[in-house]
Amino acid sequence: MDHRLMTTESFSLRRTRSLLNLATLNTHLILFFTSFAVYLYMGIAFSNTYFNQIGEHAIQYVDQILENTRKQTSYILDQYPKLPCSTTRETLRVATFHSDYAKDIALFNPKGQIFCTNAASDDKFHLYQDILTRLDQSPKNETLSYTQAALTRQYSIFFIFRNSTKYGLSISIPPRYFTRDLSNRLHDTDIYFQVLVNGRTIKPIKSEAMPLRHMAFHSKQHPLEIHFALTFYTYLNYLFKYSWIFVVLYLMVLLNHLQSKKKQIEESSLEHSVVGAIKKRELYVHFQPIIDAKTEKVSGCEALIRWNHPTQGNIPPSIFIPLAQRMGHIRELTDFVLETCMDMYQRNQSIMLGRYISINIDRELLLTPDFTEDVATLCKEYPCFHRAFAFEITENGDFTDDELVVVERNVDTFHKLGIRLFVDDFGTGYSGLNFVRQFQFHTMKIDKVFIKNLGHEPYLTMLLESMLTISDSLNMKSIIEGVETLEQLTILKQMGVSYIQGFYFSKPLPETDLIEYIQRQ
Ligand code: C2E
Ligand code: MG
Ligand code: MG
């Protein structure tokens, strides 16, 4: 069997499977590298902001250390500036002990003369003049200096501040305290850095660094600078740190791709192409003769829609009609069949006179008054409409009580218009007897499943006989569908069946072939 001619389920199954294979390895690679390029571009663009922020934070960090140190020690100036050094020294030692950064503390007077230190010696020495000038210029009366300590002869950072009485403290902070803390802070950034106090380097950048870029940050409160040297590894580290953005970006691009691909597939799916098929006229109608069992002459024919898909070939109505239903295009499809049948009837009026074309009407069209109203208009325009056409309604009976009220109203209108209603595929639905009793059908079309093994399974004959009895008792004619053999025909004739439809007489035919078929009789 042609794999294209399968059930609706197998079509949707195929679609589901193809969803999983939407992106090939090549697509993944393209999406990966595109996302990576975008990420790289964005990363480089934002790197300036990123490193600026780190630099500013480092400066703020050192400013904060100095501020804390001042807070931890400034009480000395409030309490002891005028007391003798012997009294004050103990306080200086305690303050040194408790301070996080101060190694030595010295008190100086308004002239800049240091008169007391935490060390035992009572050496008196002066602060440099430029330090005093900087103190005068500083709004917070504080400054930094990087010089040799008088006591230890070691290069040290001096944090010097004074209060409103012009007495002040000079606090020596070992440079390694700053560099250690900053190294810890910048450790996971791979940034080489250098600290300058008052323009003098307290920690040079390592010579092995091969910087791609330099950045400098200045404290607003102190003569302090931090310089960054950004190397290839710094950038690599930064990009790696934010690689999750790349992953999110890639997933978004992939998702977007999958969605558009899915849309593309859906649009090229049968569901969508069935809509196009109506417009592109890929649909056409065949007519299957319905034969009077007594005379073996054509009493009418059933209009059966056909679809010749440009790539998939002939698609059976059992597949594309449910698709058209799902896409909400069953009305367009029925209109197409109706128009085709009316044209055909008009073209072949003389031959078709006294014969009818039965048209399949979907249950959905019975659930609103729209279709019925349009048919009523057609009946007014074409007074022979009700003689030329009959409607086949499938006995699937899955109407709710509310729906049944509407269906009843529509069926009633058809009766008033004189249109014959055939119940299609009788015996395969759910409601059976109830359905046919309720709607006064003109003809019962007995489904082919009851005919297939006729003559070979005795209970089928009984089943058929009881269906014919029902049809008789309800004053209905009967058409037997799916008659393929002479044996079946003979049995049916013996049963007194009124009409036959099946391959034994003819398959569904194009218009010209049907006309020829009728003329040949
Ligand atoms: P249906 O209305 O019961 O139509 C009869 C189906 O039985 C047709 O299948 C016909 O080709 C097939 N048939 C006729 N004689 C024989 C036979 O001797 N042996 C076998 N094996 N089959 C036979 P088709 O054309 O594939 O249509 C299938 C169904 O699609 C129809 O069943 C009908 O329910 C639906 N359909 C067809 N055209 C339309 C249409 O224009 N509108 C709507 N709503 N449904 C349609
Ligand atoms: Mg039918
Ligand atoms: Mg049928």
Side-chain angles (χ1 to χ4, degrees), residues 1-2 4-8 274 277-278 282-291 298 300-308 313-342 344 356-367 371 375 389-396 420-429 435-436 441-454 467 471 478-489 492 497 499-510 513-514 517:
M1 188 171 65
D2 190 335
R4 289 174 308 217
L5 309 185
M6 290 187 208
T7 59
T8 324
V274 80
I278 301 172
E282 286 163 16
L283 301 177
Y284 54 94
V285 178
H286 274 180
F287 305 89
Q288 187 175 29
I290 296 172
I291 309 290
V298 177
C301 60
E302 179 177 6
L304 293 161
I305 194 157
R306 297 287 176 260
W307 181 12
N308 190 6
N314 286 325
I315 298 171
S318 53
I319 288 192
F320 72 83
I321 285 184
L323 297 182
Q325 279 169 340
R326 220 177 301 159
M327 299 297 289
H329 290 283
I330 206 72
R331 176 67 205 265
E332 277 163 84
L333 199 133
T334 311
D335 283 352
F336 167 74
V337 176
L338 201 58
E339 278 165 26
T340 312
C341 291
M342 287 171 71
M344 183 277 202
Y356 64 86
I357 302 175
S358 67
I359 295 167
N360 290 284
I361 303 298
D362 196 85
R363 69 186 287 285
E364 191 190 305
L365 300 184
L366 299 175
L367 294 174
F371 179 70
V375 170
F389 304 107
F391 289 163
E392 295 193 10
I393 297 166
T394 302
E395 180 243 336
N396 58 10
R420 285 160 288 178
L421 297 183
F422 295 1
V423 56
D424 204 356
D425 304 339
F426 185 77
T428 58
F435 189 73
V436 283
F441 287 99
H442 177 276
T443 298
M444 173 187 283
K445 291 190 78 171
I446 297 175
D447 196 78
K448 50 183 171 285
V449 292
F450 302 103
I451 314 303
K452 206 168 174 221
N453 291 324
L454 194 64
M467 281 193 263
S471 141
S478 51
I479 299 176
I480 311 293
E481 297 183 295
V483 178
E484 293 184 356
T485 63
L486 180 62
E487 187 189 6
Q488 291 166 340
L489 178 68
L492 291 168
V497 164
Y499 299 98
I500 306 285
Q501 179 182 351
F503 293 171
Y504 176 76
F505 285 106
S506 170
K507 290 200 166 182
L509 302 169
D513 292 1
L514 174 86
Y517 183 88

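Below, each value reflects all heavy atoms present in this structure, side chains not excepted, and no hydrogens, waters or symmetry copies. In this chain, residues are counted from 1 in sequence order. Counting starts at 1 for both ligands and their atoms, following the listed order. Model, not experiment: these values are computed from the prediction.
Put simply, the side chain of Cys341 does not reach to within 4.5 Å of the side chain of Phe336, judged on heavy atoms. In this structure, the side chains of Leu492 and Leu454 come closer than 4.5 Å at one or more pairs of heavy atoms.
In this structure, the separation between CG on Leu283 and CG on Asn308 is 10.0 Å, given to the nearest 0.5 Å.
When atom types are taken as modelled, the side chain of Glu332 and the backbone of His329 share no donor-acceptor pair closer than 3.5 angstrom. Between the side chain of Glu484 and the main chain of Gly502, no donor-acceptor pair closer than 3.5 Å is present. Panel note: side chain Ser471, backbone Met467; no donor-acceptor pair is recorded below 3.5 Å.
Between Asp424 atom OD1 and Glu481 atom OE2, the angle centred on the Mg ion (ligand 3) amounts to 90° (nearest 10°).
Between Lys445 and ligand 1 there is no heavy-atom distance shorter than 4.0 Å. By the 4.0 Å heavy-atom criterion, Thr394 is excluded from the residues contacting ligand 1. Heavy-atom separations between Pro316 and ligand 1 are all 4.0 Å or longer.
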* Steps toward side chain to side chain contact (heavy atoms under 4.5 Å, CB included) verdict (Tyr504, Leu486) -> CA-CA 7 Å; Tyr504 176 76; Leu486 180 62; 3.2 Å; yes
* Full working for side chain to side chain contact (heavy atoms under 4.5 Å, CB included) between Phe287 and Leu509 -> CA-CA 5 Å; Phe287 305 89; Leu509 302 169; 5.6 Å; no
* Residue pair Phe505, Tyr517: steps toward the ring pair (Phe, Tyr, Trp, His ring centres under 6.0 Å) verdict -> CA-CA 10 Å; Phe505 285 106; Tyr517 183 88; 7.9 Å; no
* Go through the steps to decide whether Phe426 and Phe435 satisfy the test side chain to side chain contact (heavy atoms under 4.5 Å, CB included), and finish with yes or no. => CA-CA 10 Å; Phe426 185 77; Phe435 189 73; over 6 Å; no
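Closer than 4.0 Å to atom 9 (O) of ligand 1 lies none of the heavy atoms of the protein. Within 4.0 Å of atom 19 (N) of ligand 1, at least one protein heavy atom is present.
Protein heavy atom in closest approach to atom 7 (O) of ligand 1: Lys448 NZ, 2.9 Å. Protein heavy atom closest to atom 38 (N) of ligand 1, with residue, atom name and distance, is Ile305 N, 3.1 Å. If you check which protein heavy atom lies closest to atom 31 (C) of ligand 1, you get Leu304 CD2, 4.3 Å. Remark: minimum distance from atom 16 (C) of ligand 1 to any protein heavy atom is reached at Phe503 CE2, 3.2 Å. Nearest to atom 14 (C) of ligand 1 among the protein's heavy atoms is Gln288 OE1, 3.0 Å.
The Mg ion (ligand 2) lies under 2.8 Å from an N, O or S atom belonging to Asn360.
Residue Gly502 has at least one heavy-atom neighbour below 4.0 Å for each of these atoms of ligand 1: 15 (N), 18 (O). Interface of Val483 with ligand 1, defined as ligand atoms under 4.0 Å from a residue heavy atom, comprises 18 (O). Ligand-side atoms of ligand 1 in range of Glu484: 17 (C), 18 (O), 19 (N), 20 (C), 21 (N), range being under 4.0 angstrom from any heavy atom. Atoms of ligand 1 found under 4.0 Å from any heavy atom of Val337 (numbered from 1 in listed order, with element): 41 (O). The distance from ligand 1 to the heavy atoms of Pro508 drops below 4.0 Å at these ligand atoms: 11 (O).
Of the heavy atoms in Glu481, only side-chain atoms (C-beta onward) come closer than 4.0 Å to ligand 1. At a heavy-atom cutoff of 4.0 Å, ligand 1 is contacted by no atom of His286, backbone or side chain.
Atom 3 (O) of ligand 1 has its nearest heavy-atom neighbour, among Asp425, Thr334, Ile321, in Asp425. Looking at Pro317, Cys341, Ala303, Pro322, it is Pro317 that brings a heavy atom closest to atom 29 (C) of ligand 1. In the candidate list Thr340, Asn360, Ile290, Asn360 is nearest to atom 40 (C) of ligand 1, counting heavy atoms.
The Mg ion (ligand 2) sits nearest to atom OE2 when only the N, O or S atoms of Glu302 are considered. The N, O or S atom of Asp425 lying closest to the Mg ion (ligand 3) is OD1. Note on Glu392: its N/O/S atom closest to the Mg ion (ligand 2) is OE1.
None of Ile451, Ile479, Leu489 except one satisfies the side-chain contact (heavy atoms from CB on, under 4.5 Å) rule with Ile500; the exception is Leu489. Under the side-chain contact (heavy atoms from CB on, under 4.5 Å) test applied with Leu514, the options Gln288, Met344, His286 reduce to a single match, Met344.
Classified by interplanar angle (parallel below 30°, tilted 30° to 60°, perpendicular above 60°), the ring pair Phe422/His442 is parallel.
A donor and an acceptor atom, one from each side chain of Gln501 and Glu302, are located under 3.5 Å apart.
Between Glu302 and ligand 1, an N or O atom pair is found at a separation short of 3.5 Å.
Across every non-hydrogen atom of Pro508 and Leu304, the tightest pair is CG-CD1, 3.7 Å.
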